[in-house]
Amino acid sequence: MTAVLFGATALGIAANVFVAVADYLKAGFVVKNSAEVRVPATAVPYLATLKLAGAAGLAVGLLALPWLGLAAGIGLTLFFIGAVAVHIKTRVFYNIAFPGAFLVLAIASVAYFLPLV
């Protein structure tokens with residue numbers, strides 16, 4: 001089980017870095033999705049920074065400081081609970097699986113780090 005949670009944490013790092021870069025580059029799918037869920041375009045870089053900080057915290061947690069990984073996992077969990085909630089509030093369900101998948105990866109990272117702290 002630990003190997004699965006480790007893998008999910010590593011995948012969470014990669015996924016958050018990927019989507020943060022896409023946010024910064026204003027990729028088409030990012031612009032479209034943020035408009036659909038009524039997130040102002042001016043907020044997207046700030047949200048990208050939060051994702052990138054979470055990914056960095058998870059990486060540092062894997063390398064040296066498990067408590068930082070736990071904190072990052074909790075932060076990302078809260079972030080993606082918010083993302084899922086925004087999708088529900090705006091009734092944009094066709095792509096809710098994406099923030100849902102990120103939420104599952106964040107929860108898995110919390111499960112990985114919790115016994116290490």
Side-chain angles (χ1 to χ4, degrees):
M1 186 60 160
T2 302
V4 171
L5 294 174
F6 178 87
T9 302
L11 182 58
I13 293 167
N16 278 288
V17 168
F18 170 80
V19 80
V21 170
D23 289 348
Y24 287 129
L25 296 177
K26 298 179 182 155
F29 73 93
V30 169
V31 172
K32 180 180 179 227
N33 185 58
S34 60
E36 284 179 328
V37 296
R38 295 182 229 146
V39 171
T42 56
V44 173
Y46 297 106
L47 298 174
T49 301
L50 292 173
K51 294 172 201 170
L52 202 54
L58 292 178
V60 172
L62 288 178
L63 296 174
L65 303 170
W67 62 267
L68 185 59
L70 178 61
I74 292 169
L76 286 169
T77 297
L78 294 172
F79 181 93
F80 287 110
I81 286 171
V84 169
V86 167
H87 276 257
I88 293 169
K89 179 182 178 208
T90 57
R91 299 184 171 274
V92 178
F93 299 116
Y94 77 93
N95 63 357
I96 198 169
F98 290 102
F102 278 86
L103 176 58
V104 168
L105 292 173
I107 292 169
S109 68
V110 171
Y112 177 75
F113 286 112
L114 200 54
L116 302 177
V117 177

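Evaluation of the side chain to side chain contact (heavy atoms under 4.5 Å, CB included) rule for Ala41 yields no partner, not counting sequence neighbours.
Hydrophobic cluster membership is shared by Val37 and Tyr94, with clusters built from Ile, Leu, Val, Met, Phe, Trp and Tyr side chains linked at under 4.5 angstrom. Hydrophobic cluster membership is shared by Phe79 and Ile81, with clusters built from Ile, Leu, Val, Met, Phe, Trp and Tyr side chains linked at under 4.5 angstrom. In the hydrophobic cluster analysis, where Ile, Leu, Val, Met, Phe, Trp and Tyr join through side-chain heavy atoms closer than 4.5 angstrom, Leu63 is grouped apart from Phe6. Linking ILVMFWY residues whenever their side-chain heavy atoms come closer than 4.5 Å, directly or via other members, leaves Leu11 and Val21 in distinct clusters.
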Begin with the C-alpha distance, continue with both residues' side-chain angles, and end with the deciding distance and a verdict on side-chain contact (heavy atoms from CB on, under 4.5 Å) for Leu62 and Leu58.
CA-CA 6 Å; Leu62 288 178; Leu58 292 178; 5.7 Å; no
Under 3.5 Å donor-acceptor pairs involving side-chain atoms of residues 95-117, not counting sequence neighbours:
residue, atom, partner, partner atom, Å
Asn95, OD1, His87, ND1, 3.3
Asn95, ND2, Asn33, OD1, 2.8
Ser109, OG, Ala106, O, 2.6

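The CD1 atom of Ile13 lies 11.5 Å from the CG atom of Leu52; values are rounded to the nearest 0.5 Å. Atom CG in Leu50 sits 10.5 Å away from atom CG in Asp23 (nearest 0.5 Å).
Within the structure, ring-ring contact (aromatic ring centres under 6.0 Å, His included) contacts touching residues 22-71 (residues at least two apart or in different chains) do not occur.
Nearest heavy atoms, Leu76 versus Ala55: CD1-N, 4.2 Å. Nearest approach of Glu36 to Val92, heavy atoms of both residues: O-CG2, 3.6 Å.
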